[in-house]
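Have a look at the structure below, then the notes.
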Amino acid sequence: MDFYGATPLAELPSHVTICEVGPRDGLQNEKTSIPTAVKVELIERLADAGHTIIEATSTVHPKWVPQLADAEEVLRRLDRRDGVRYPVLVPNLRGLERALDLGVTEIAVFASATESFAKANLNRTVGESLEMFAPVVARAREAGLAVRGYVSMCWGDPWEGEVAPEQVVPVAARLLELGCTELSLGDTIGVATPGRVVALLDALRHHEIRTDQLAVHFHDTYGQALANTLIALRHGITTVDASAGGLGGCPFAGSATGNLATEDLLWQLDGLGIHTGVDLGKLVETSNWLAGELGRPSPSRTVQALSK
Ligand code: HMG
Ligand code: MG
């Protein structure tokens with residue numbers, strides 16, 4: 001797609017790295033069972049489209065997230081390519097062992113800024129879950145793995161309402177202390193608005209957490225994900241999480257809807273002349289193929305517009 005005549009906007013990066021979370025965040029919430037072959041094909045198509053970071057699956061307890069219970073099979077069958085990173089979401093040492101056995105080179109642990117979600121998602125308090133992650137991060141780092149640390153509910157929580165930056169900062173700081181190599185700030189239920197995004201980024205910066213250590217992870221419940229992304233880019237963020245076709249959600253946070261659709265993100269970034277290396281046309285084809293497999297259309301406005 002060519003975009004002519006756009007005025008370059010100040011304070012934007014020339015390159016954005018997209019962390020494609022569709023195979024994990026996108027599929028974990030699907031109600032019908034998705035064949036392993038479809039998951040593997042999805043990941044391979046995403047790599048074909050130019051993605052270099054694809055969160056492939058999770059090694060959480062299979063009873064907690066039955067949809068991703070085939071993590072081992074997905075990773076065994078996947079033809080992993082040079083130059084593409086395939087992180088896996090890992091909750092505890094058992095999950096790390098499973099990931100290491102499969103030759104995973106990158107993991108993500110996932111903490112919460114709120115007690116209610118920590119309990120619902122990890123069966124732990126915030127403090128207990130950080131204690132659970134400590135040996136996971138230490139062992140993973142010893143084994144030479146990169147470790148992303150998610151912080152969920154950074155702006156709001158379905159049980160506790162608005163979440164203040166002061167509640168997020170200590171969790172983010174602790175994950176870095178444990179050895180995480182990157183943090184992803186999750187708007188799990190999609191309630192953030194741009195001013196509140198800036199408030200959190202400012203608070204983190206004030207506590208000497210650099211923007212180059214951060215990624216943003218927006219869900220699009222209120223249609224704010226793109227606005228939130230743009231303001232985050234203007235404040236120094238260059239890694240953005242998104243999910244092909246806008247699938248996604250969290251089974252343990254009822255009001256969580258789909259992630260920012262990668263196609264919607266690409267429409268904006270391509271239009272701004274920001275390089276990502278990801279091909280929008282190939283991604284739209286992939287999301288239409290996946291919609292056929294899932295039996296319902298993609299919620300992404302860009303996928304819909306480009307499929308007419
Ligand atoms: P628990 O029930 O407290 O587990 O669950 P436990 O530690 O008491 O262990 C109970 C049994 O489970 C033991 O077996 C363990 O071995 C086994 P037993 O000794 O009784 O025979 N077990 C496991 N088996 C396989 N794989 C494992 C594993 N762990 C324990 N990894 C646990 C605690 C953390 C395991 C559970 O709460 C869990 O799996 N939670 C995952 C929830 C989840 O995946 N949520 C969605 C992802 S988070 C998200 O979507 C947000 C994000 O996108 C960012 C955003 O949007 O904000 C990342
Ligand atoms: Mg998420």
Side-chain angles (χ1 to χ4, degrees), residues 19-30 55-72 75 87-102 104 107-114 116-126 128-133 135-136 139-140 147-158 163 168 171-172 175 180 182-192 200 214-221 225 228 239-244 246-262:
C19 176
E20 170 60 57
V21 295
R24 196 277 306 167
D25 208 349
L27 297 187
Q28 69 183 10
N29 209 28
E30 285 296 312
E55 200 170 76
T57 184
S58 70
T59 56
V60 301
H61 197 301
K63 283 201 187 126
W64 281 64
V65 182
Q67 189 57 263
L68 302 184
D70 60 353
E72 273 80 358
L75 291 168
V88 166
L89 196 78
V90 165
N92 53 16
L93 280 171
R94 175 83 191 90
L96 178 64
E97 277 162 24
R98 291 173 57 200
L100 288 173
D101 284 349
L102 291 152
V104 165
I107 62 160
V109 295
F110 47 109
S112 169
T114 66
S116 305
F117 187 60
K119 199 78 192 153
N121 201 38
L122 292 158
N123 198 23
R124 305 278 186 283
T125 64
V126 172
E128 287 164 351
S129 50
L130 289 165
E131 271 171 40
M132 174 170 77
F133 298 141
V136 176
R139 249 190 80 191
V147 182
R148 161 178 264 218
Y150 282 101
V151 187
S152 287
M153 305 295 175
C154 281
W155 288 277
D157 168 290
V163 173
V168 180
V171 178
L175 285 171
C180 286
E182 179 185 64
L183 297 179
S184 177
L185 306 173
D187 183 17
T188 319
I189 55 168
V191 291
L200 178 57
L214 299 174
V216 287
H217 179 106
F218 295 121
H219 287 255
D220 205 22
T221 317
N228 291 336
T239 301
V240 178
D241 298 0
S243 162
L247 296 172
C250 179
F252 305 102
S255 50
T257 58
N259 287 79
L260 167 61
T262 315

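Start at 1 and go down the list; that is how both ligands and their atoms are numbered.
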Could you tell me which atoms of ligand 1, counted from 1 in the order shown, lie closer than 4.0 angstrom to a heavy atom of Asp25?
-> 50 (O), 53 (O)
Quick one: nearest non-hydrogen protein atom to atom 31 (N) of ligand 1, plus distance?
-> Thr59 O, 2.9 Å
Considering only the protein, which heavy-atom contact is closest to atom 1 (P) of ligand 1, and what is its distance?
-> Asn123 ND2, 3.8 Å
Could you tell me whether ligand 1 has any atom less than 4.0 Å away from a heavy atom of Pro62?
-> yes
For ligand 1, which atoms have a heavy atom of Pro91 less than 4.0 angstrom away?
-> 31 (N), 34 (C)
Would you mind checking which non-hydrogen protein atom is closest to atom 27 (C) of ligand 1, with the distance to 0.1 Å?
-> Arg94 CG, 3.5 Å
Among His217, Glu128, Arg24, closest by heavy atom to atom 58 (C) of ligand 1 is Arg24
Starting from atom 54 (C) of ligand 1, find the nearest protein heavy-atom neighbour and note its residue, name and distance.
-> Ser152 OG, 3.5 Å
re atom 43 (C) of ligand 1, the protein heavy-atom contact at minimum distance is Asn121 OD1, 3.6 Å
Please identify which atoms of ligand 1 are closer than 4.0 Å to at least one heavy atom of Gln28.
-> 46 (C), 47 (C), 49 (C), 50 (O)
Side chain, backbone, both or neither: Leu89 near ligand 1, heavy atoms under 4.0 Å | side chain
With atoms numbered from 1 as shown, which atoms in ligand 1 lie under 4.0 angstrom from a non-hydrogen atom of Val65?
-> 43 (C), 44 (O)
So which protein heavy atom does atom 7 (O) of ligand 1 come closest to, and at what separation?
-> Arg124 NH2, 3.0 Å
Using a strict cut-off of 4.0 Å, indicate which atoms of ligand 1 neighbour a heavy atom of His219.
-> 56 (O)
Of all N, O or S atoms in Asp25, the one closest to the Mg ion (ligand 2) is OD2
Please state which protein non-hydrogen atom is closest to atom 2 (O) of ligand 1 and give its distance, to 0.1 Å?
-> Trp64 NE1, 3.7 Å
Is Arg24 positioned over the aromatic face of Tyr150, cation under 6.0 angstrom from the ring centre and no more than 45 degrees off axis?
-> yes
Atom nearest to the Mg ion (ligand 2) - His217, N, O or S atoms considered = NE2
Considering distance alone, does some N or O of Tyr150 sit under 3.5 Å from an N or O of ligand 1?
-> no
Going by atom types alone, do Ser184 and Asp241 pair a side-chain donor with an acceptor below 3.5 Å?
-> yes
Counting backbone and side-chain atoms alike, does Asp241 have an N/O/S atom under 2.8 Å from the Mg ion (ligand 2)?
-> no
In the protein, what heavy atom is nearest to atom 15 (C) of ligand 1, and what distance, to one decimal place, separates them?
-> His61 CD2, 4.9 Å
Heavy-atom distance under 4.5 Å between the side chains of Asn121 and Ser112, does that happen here?
-> no
Atom indices of ligand 1 within 4.0 angstrom of Gly186 heavy atoms, with elements | 57 (O)
Just which atoms of ligand 1 are under 4.0 Å from any heavy atom in Gly95?
-> 31 (N)
Give the minimum heavy-atom separation between Ala113 and Val168, together with the two atoms involved.
-> CB-CG2, 4.0 Å
